[in-house]
Amino acid sequence: MKRIFLLPALLVLSVVLCGKPVLPEILSDGMVLQQNSDVNLWGKAEPGKTVTVKPSWSTASIHATADKGGKWLAVVKTPEAGFTSHTITFSDGEEVVLRDILIGEVWLASGQSNMEMPLRGFHNNPILKANETIAFSGQYPSIRFVTIPKSPSFEPMETVEGRWQVCNPQNSPEFSATAFFFAETLHKALNVPVGIIACSWGGTKVEGWTSREILNTYPDVDLNEEVVNKLHPMARPLLMYNGMIHPITNYVVKGFIWYQGESNVGAHNDYPARFHNMVSLWRKQWKNADLPFYFVEIAPFEYGNANETRAAYLREAQFKAQKLIPHSGMVSTNDLVEPYELRNIHPRNKTDVGKRLAFMALNQTYGQERVTARGPEYRSMEVRDGKAIVSFDRAEEGFNRTDGIEGFEIAAEDGEFLPAQAMVRDNKVEVSREGITQPVAVRYCFRNFQIGNLAGTRELPVVPFRTDSFEK
């Protein structure tokens, strides 16, 4: 593990040598700034020097003085979103000019490999209709991405690499596919530029994106460097937060989208609280406790045995986390996997994952209440005439089918779950199996890999659930 501590000193040295403000890479040509906000612009200059910041959308200039360490920060008001290209000039005697800046909506996209997975796909892991998406990506020059490289660090870093790129067929193959379809949907729905800060690392645990202060309270986490360095790079705690999140917290965002959890399968009892701690930390670092946080339920995958339930427990933990985390929401992906993807932890359909995250944002953040954000969710069960009658929230308009339903299982007193027949009647689902006259529990898609086909009328799936609390 390389430890990089020289960069801030090198920045100061470069300031002295070149005599002009030095900006972090994330402040670059082509960036998108959050509309109607007080955004931060920051960098390095000679200690004591005053840096003048002049945005082209305003007649006013903003002044910031570099502290003893050479750091300065200016707060600039942004206008409403639009497609006009702007410039920002930074000067402390010599000028640095950033060009082609757009004002719009900015979101941070983070997590592990299913968020990292680019439009070009991974080896033997394609993205649905990737070639078409890439070929047509030039239609969206006001969608911009900055991808933060994998930059682990034991100490919180001040800066990290990553420059903004315009959406076109040259650049888009490397864009996060989930984040791209999220951005495309927001762009079409809101008719504004969209900027995505993509900051992901495949295989990482939630502990990797959390601070030392929080991790020190977890009894199973040892932050001794020798111990951490013996772990696989993707399994190391702390390092992603320090090296990739901490350096960008000055950049004002509208909210977060997150796709992670696969590497925490087996640790479902701890996941909701640790996930909540991570989200709270990020919101604190961005100085906004209300920033929306929308995340993806992990998709069906065998995890060694398709019929086991370890992954189902993690999905359940994700669902429960919504109650711990204000201004959050989970999108289900149970229906977005093909049977042949049993052993593919990277399902190809990222189109609908990104769209569902965008629907959540449109509904909960942008006030488009007629855009449905969630599918039916389990409410209660009763037994009547030998059948389990299951009621749902968010099913007022019914379901996408009344029979031919797949994914339900039922259990008698022995606790053995067996495939069941299911039928929609009176806006409820009747679940039964021949030979079981006194059902005690029902499960829906509650296994590592089990695909269902029941959804609401807007084609958002029923969230996998169980009515029991059996430890099996």
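Computed over heavy atoms, backbone and side chain alike; hydrogens, waters and symmetry mates excluded. Quantities reported herein were computed from a predicted structural model and do not represent experimental measurements.
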Original post:
If you draw a 6.0 Å radius around CG in Asp385, do more than 12 non-hydrogen atoms from other residues or ligands fall strictly inside?
Top reply: no

Subject >> Phe399 ring center within less than 6.0 Å of Phe392 ring center >> reply: yes

**OP:** Would you please indicate if the ring centroids of Phe408 and Tyr444 are separated by under 6.0 Å?
**Re:** yes

**OP:** Determine, stepwise, if the pair Arg274 / Asp220 fulfils salt bridge (charged side-chain N to carboxylate O under 4.0 Å, His left out).
**Re:** CA-CA 12 Å; Arg274 294 188 180 189; Asp220 60 321; 2.6 Å; yes

Subject >> Note: Glu302-Arg343 ion pair, threshold 4.0 Å (strictly below) >> reply: yes

Original post:
Taking atom CD of Glu369 as the centre, does the number of heavy atoms from other residues, nucleotides or ligands within less than 6.0 Å exceed 12?
Top reply: no

Original post:
Would you call Asp335 and Arg356 a salt bridge, taking side-chain N to carboxylate O under 4.0 Å as the test?
Top reply: yes

Original post:
Do the non-hydrogen side-chain atoms of Phe417 and Phe446 ever get within less than 4.5 Å of each other?
Top reply: no

**OP:** Go through Ile197 and Trp164 one step at a time and tell me if the side chain to side chain contact (heavy atoms under 4.5 Å, CB included) criterion holds.
**Re:** CA-CA 9 Å; Ile197 303 171; Trp164 288 88; 4.1 Å; yes

Original post:
If you count the non-hydrogen atoms of other residues, nucleotides and ligands that lie under 6.0 Å from CD in Gln170, is the total more than 12?
Top reply: no

**OP:** For Asn216, look at atom CG and say whether over 12 heavy atoms of other residues, nucleotides or ligands are found less than 6.0 Å away.
**Re:** yes

Original post:
When you measure from the side chain of Glu377 to the backbone N and O of Arg394, does any donor-acceptor pair fall under 3.5 Å?
Top reply: no

Original post:
Would you say Asn400's side chain and Asn453's backbone share a donor-acceptor pair under 3.5 angstrom?
Top reply: yes

**OP:** Would you check if the side chain of Ser37 reaches a backbone N or O of Gln35 as a donor-acceptor pair within less than 3.5 Å?
**Re:** yes

**OP:** Kindly state whether the ring of Phe275 and the ring of Phe295 have centres lying under 6.0 angstrom apart.
**Re:** yes

Original post:
Got a sec: does the NZ of Lys355 have more than 12 other heavy atoms crowding it under 6.0 Å?
Top reply: no

Original post:
Got a sec, which pairs hit side-chain hydrogen bond (donor to acceptor under 3.5 Å, both in side chains) with one end in residues 454-465, sequence neighbours left out?
Top reply: Thr372-Arg458, Glu397-Thr457

Original post:
What distance do Met157 atom CE and Asn242 atom CG have between them, rounded to the nearest 0.5 Å?
Top reply: 9.0 Å

Original post:
Do side-chain atoms of Arg447 reach the backbone of Ala312 as a donor and acceptor pair under 3.5 angstrom?
Top reply: no

For residues 174-181, run the donor-acceptor check on the side chains, cut-off 3.5 Å, and write out each pair with its distance to 0.1 Å, sequence neighbours left out.
| from | atom 1 | to | atom 2 | distance (Å) |
| --- | --- | --- | --- | --- |
| Glu174 | OE1 | Arg120 | NE | 3.0 |
| Glu174 | OE1 | Arg120 | NH2 | 3.4 |
| Glu174 | OE2 | Arg120 | NE | 3.0 |
| Ser176 | OG | Met115 | O | 2.6 |
| Ser176 | OG | Ala179 | N | 3.2 |
| Thr178 | OG1 | Asn114 | O | 3.4 |

Original post:
If we only count heavy atoms from C-beta on, is the Arg283 to Ile325 side-chain gap below 4.5 Å?
Top reply: yes

**OP:** Would you confirm whether Arg144, through its side chain, and Gly30, through its main-chain N or O, come within 3.5 Å as a donor-acceptor pair?
**Re:** yes

Subject >> Lys428/Asp426 salt bridge by N-O under 4.0 Å criterion >> reply: no

Original post:
Is there a donor-acceptor contact under 3.5 Å linking the side chains of Thr365 and Tyr294?
Top reply: yes

Subject >> Polar side chain donor-acceptor pair, Asn264 to Glu207, under 3.5 angstrom >> reply: yes

Subject >> Flag for Glu308-Tyr303: side-chain donor and acceptor within less than 3.5 Å >> reply: no

Donor-acceptor contacts, no H, no angles, side chain residues 247-255, under 3.5 Å, sequence neighbours left out:
| from | atom 1 | to | atom 2 | distance (Å) |
| --- | --- | --- | --- | --- |
| Thr249 | OG1 | His246 | O | 3.1 |
| Tyr251 | OH | Val32 | O | 2.6 |

Original post:
Between the side chain of Glu430 and the main-chain N/O of Lys387, is any donor-acceptor distance below 3.5 Å?
Top reply: no

